[in-house]
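Here's the structure we're looking at; comments come further down.
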Amino acid sequence: MRNNKKVLKYCPNFHKIVNFEYSEDDYISARLISVYQEYIFSIDLSNQEQINIIEILDKTITKYIDDYFFRKEMKNSLKELKIKKDENIMQSIVNYIIKTYSRYEEDFTRNIYISRWI
C-alpha cells in the first residue's frame with residue numbers, strides 16, 4: 001500500500017486516467033489504461049529511470065484522454081505494433097506508446113493549426 005502512494009506521487013493524473021469514460025467497443029482505450037495501471041505499479045521505485053518513464057507515461061495517457069487527434073493517432077499507431085518473442089512485452093508496449101507521443105509532439109509543434117470561425 002505504501003508503494004502505491006509513492007507511485008501516485010509521480011502520476012498526478014492517475015484518477016483522471018482510471019476514471020476516463022470510453023465507449024464499450026473501444027477496446028484500445030481499455031487496454032491502454034490497463035497497461036498504464038499494470039506498468040506503473042510494477043516498477044522499482046529505487047530506479048530513477050523507471051520513475052522518469054512513468055512520469056512520461058502519465059503525461060502521454062493524459063494527452064490521449066484530452067486530445068482527440070492524439071487519441072486517433074495513438075489508436076492507428078498501436079494497430080501497427082509488433083513485438084518480438086524475446087522482448088519484454090509490457091516494456092515494449094510502454095516504450096512504443098512513449099515513442100508515439102514524442103513523434104506526435106514533434107510533428108504537432110511543427111504544424112500550425114489555424115482555426116476558422118464561421
Give a yes or no on whether Y27 and L32 share a hydrophobic cluster (residues Ile, Leu, Val, Met, Phe, Trp, Tyr; joining criterion: side-chain heavy atoms under 4.5 Å apart). no
By ring pair (Phe, Tyr, Trp, His ring centres under 6.0 Å) - contacts of F41 (at least two apart): F14
Before giving the answer on side-chain contact (heavy atoms from CB on, under 4.5 Å), spell out for S77 and R103 the whole-Å C-alpha distance, their side-chain angles and the decisive distance to 0.1 Å. CA-CA 11 Å; S77 179; R103 197 172 48 236; 3.6 Å; yes
Output for pair (Q91 CD, I83 CD1), nearest 0.5 Å, gives 10.5 Å
Spacing of CD1 belonging to I65 relative to CG belonging to N19, to within rounding of 0.5 Å: 9.0 Å
Contacts of type ring pair (Phe, Tyr, Trp, His ring centres under 6.0 Å), residue Y96, not counting sequence neighbours: none
Salt bridge (charged side-chain N to carboxylate O under 4.0 Å, His left out) pairs, two or more places apart, involving residues 15-27: K16-D66, D26-K75
Stepwise, does the side-chain contact (heavy atoms from CB on, under 4.5 Å) test hold for L78 with I97? CA-CA 8 Å; L78 286 172; I97 290 168; 4.2 Å; yes
Any pair with a residue in residues 37-48 that passes salt bridge (charged side-chain N to carboxylate O under 4.0 Å, His left out), sequence neighbours left out, goes on the list, sorted by first then second residue, please. none
If you measure only the distance, is there a donor-acceptor pair under 3.5 Å linking the side chains of N76 and E80? no
Run the side-chain donor-acceptor check on residues 55-62: report pairs under 3.5 Å with partners two or more places apart or on a different chain.
from: D58; atom 1: OD1; to: Y36; atom 2: OH; distance (Å): 2.6
from: D58; atom 1: OD2; to: N13; atom 2: N; distance (Å): 3.3
from: D58; atom 1: OD2; to: N13; atom 2: ND2; distance (Å): 3.0
from: T60; atom 1: OG1; to: I56; atom 2: O; distance (Å): 2.8
from: T62; atom 1: OG1; to: N13; atom 2: ND2; distance (Å): 3.1
from: T62; atom 1: OG1; to: D58; atom 2: O; distance (Å): 2.7

Would you please test D67 and R71 for side-chain contact (heavy atoms from CB on, under 4.5 Å) and show each step? CA-CA 6 Å; D67 187 348; R71 188 177 317 137; over 6 Å; no
Atom NZ of K84 and atom CD1 of I89: how far apart are they, to the nearest 0.5 Å? 14.5 Å
What is the ring orientation for F70 with Y104, classed by angle as parallel under 30°, tilted 30 to 60°, or perpendicular over 60°? tilted
If you take all heavy atoms of I43 and I54, which pair is closest and at what distance? CD1-CD1, 3.5 Å
K63 and E105: CA distance, side-chain angles, deciding distance, salt bridge (Lys or Arg N to Asp or Glu O under 4.0 Å) verdict: CA-CA 10 Å; K63 179 78 168 176; E105 285 294 309; 3.6 Å; yes
Under the side-chain hydrogen bond (donor to acceptor under 3.5 Å, both in side chains) test, which residues partner Y10, sequence neighbours left out? none
What's the separation between atom CZ in F20 and atom OH in Y64, rounded to the nearest 0.5 Å? 6.5 Å
For Q48, I'd like to know if atom CD has over 12 heavy atoms of other residues, nucleotides or ligands within 6.0 Å. yes
Passes side-chain contact (heavy atoms from CB on, under 4.5 Å), I28 versus M74? Steps please. CA-CA 9 Å; I28 293 176; M74 181 65 78; 5.9 Å; no
